[in-house]
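A short worksheet on the structure shown next.
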Amino acid sequence: MALERTFSIIKPDATRRNITGKVIAKLEEGGLRVVAQKRIHMTREQAEGFYAVHRERPFFGELVDFMMSGPVVVQVLEGEDAIKRNREIMGDTNPKDASPGTIRAEFAESIGENTVHGSDAPETAAVEIKFFFTDAEIVG
Ligand code: GDP
């Protein structure tokens, strides 16, 4: 299994409740390493651009408004099989379906305000990392 990188966001519902440390602990305990990280407040342009793939979905406006509603922590995670591993640690999109012990089961408030984002494939991980980080900002 190869060492892989994935992109992660700790969403505004988590920064608002001051639980970013608890979320990061779950990721680290799950075998992932934070190799780049910054706290930002997304602009509308960033939020719409990042979620452009969901533009036609009925919840797009709500999703963009939510992602701009407070600061987020964007990060690059590294580890064995990091993309799949991160999705396992996150749990299902809807916290009602998320397995016990996952971030979304423990912390998410709803299907929309669900605490974390994680890339779903190598191609999206590469694009999403580049959307927020330069190579020089990924420090291992
Ligand atoms: P993910 O890969 O598990 O994050 O899920 P998706 O790619 O399907 O959706 C992206 C994000 O859109 C989710 O993490 C939610 O924040 C949001 N989202 C998905 N479905 C809904 C919904 O039915 N209502 C709302 N308000 N937001 C949703």
Side-chain angles (χ1 to χ4, degrees):
M1 202 66 62
L3 202 61
E4 196 174 55
R5 284 179 176 170
T6 190
F7 177 73
S8 162
I9 305 178
I10 305 177
K11 296 185 179 184
D13 64 285
T15 57
R16 175 166 38 80
R17 288 177 288 155
N18 203 27
I19 57 168
T20 61
K22 290 182 178 172
V23 172
I24 295 162
K26 286 267 192 201
L27 298 169
E28 291 178 342
E29 284 160 10
L32 299 173
R33 174 178 293 272
V34 178
V35 295
Q37 191 177 60
K38 55 192 172 189
R39 190 172 177 107
I40 62 167
H41 200 135
M42 278 197 206
T43 62
R44 176 167 297 280
E45 191 182 11
Q46 281 177 314
E48 287 183 351
F50 183 76
Y51 279 118
V53 63
H54 293 308
R55 194 172 290 280
E56 304 305 325
R57 309 276 284 272
F59 57 81
F60 181 69
E62 211 175 304
L63 174 59
V64 167
D65 286 346
F66 166 58
M67 293 303 287
M68 296 167 54
S69 69
V72 299
V73 178
V74 291
Q75 49 194 3
V76 180
L77 306 175
E78 188 175 84
E80 295 293 323
D81 218 3
I83 296 167
K84 182 160 162 275
R85 185 77 197 107
N86 183 40
R87 301 279 306 183
E88 287 167 357
I89 299 166
M90 289 164 56
D92 285 6
T93 309
N94 189 339
K96 290 190 182 122
D97 302 328
S99 301
T102 61
I103 291 171
R104 283 166 166 169
E106 288 207 8
F107 304 125
E109 301 195 302
S110 64
I111 189 169
E113 307 210 354
N114 60 2
T115 312
V116 276
H117 165 86
S119 307
D120 61 3
E123 302 73 34
T124 43
V127 170
E128 291 175 357
I129 289 170
K130 270 203 187 317
F131 195 92
F132 286 104
F133 291 98
T134 64
D135 286 347
E137 288 176 315
I138 304 170
V139 292

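Start at 1 and go down the list; that is how both ligands and their atoms are numbered. For the single chain, residues carry numbers from 1 onward in sequence order.
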Heavy atoms of other groups near Lys38 NZ, more than 12 under 6.0 Å: yes
Verify the cluster assignment for Val74 and Val64: are they in a single hydrophobic cluster under the rule of side-chain heavy atoms below 4.5 Å apart? yes
min-distance protein heavy atom vs atom 8 (O) of ligand 1 -> Arg57 NH2, 3.9 Å
Just to check, does Glu62 reach to within less than 4.0 Å of ligand 1 when the distance is taken from its heavy atoms? yes
Does Leu63 come within less than 4.0 angstrom of ligand 1, counting non-hydrogen atoms of the residue? yes
Tell me which part of Met90 gets within contact of ligand 1: side chain, backbone, both or neither, using heavy atoms under 4.0 Å. neither
Top protein contact for atom 4 (O) of ligand 1, by heavy-atom distance: Arg104 NH2, 3.1 Å
shortest atom 2 (O) of ligand 1-to-protein heavy-atom contact is with Arg87 NH1, 2.9 Å
Considering only the protein, which heavy-atom contact is closest to atom 13 (C) of ligand 1, and what is its distance? Asn114 ND2, 3.6 Å
Compute the minimum heavy-atom distance from Glu113 to ligand 1 and say whether it is under 4.0 Å. no
Is any side-chain heavy atom of Thr115 closer than 4.5 Å to one of Glu109? no
Is Arg33 atom CZ crowded by more than 12 heavy atoms from other residues, nucleotides or ligands, each under 6.0 Å away? no
Look at atom 15 (C) of ligand 1 and say which protein heavy atom is nearest, naming residue and atom and giving the distance to 0.1 Å. Ile111 O, 3.3 Å
With the side chain counted from C-beta on, respond yes when Arg5 and Ile138 share a heavy-atom pair under 4.5 Å apart, and no when they do not. yes
Can you pull out the closest protein heavy atom to atom 9 (O) of ligand 1? Residue, atom name and distance to 0.1 Å, please. His54 NE2, 3.7 Å
I'd like to know if Glu113 and Arg17 make a salt bridge, using a cut-off of under 4.0 Å between side-chain N and carboxylate O. no
Before accepting this row, confirm whether a basic side-chain N of the pair Lys26/Glu29 lies closer than 4.0 Å to the acidic partner's carboxylate O. no
For atom 1 (P) of ligand 1, grab the closest protein heavy atom and report residue, atom and distance to one decimal in Å. Thr93 OG1, 3.6 Å
Heavy-atom side-chain contact between Met42 and Phe132 under 4.5 Å: yes
Report the distance from atom CG of Leu77 to atom OG1 of Thr6, rounding to the nearest 0.5 Å. 6.5 Å
Got the closest protein heavy atom to atom 28 (C) of ligand 1, with its distance? Phe59 CD1, 3.5 Å
From Gly118, Ser119, Gly61, Gly112 - option closest to atom 16 (O) of ligand 1 by heavy atom: Gly112
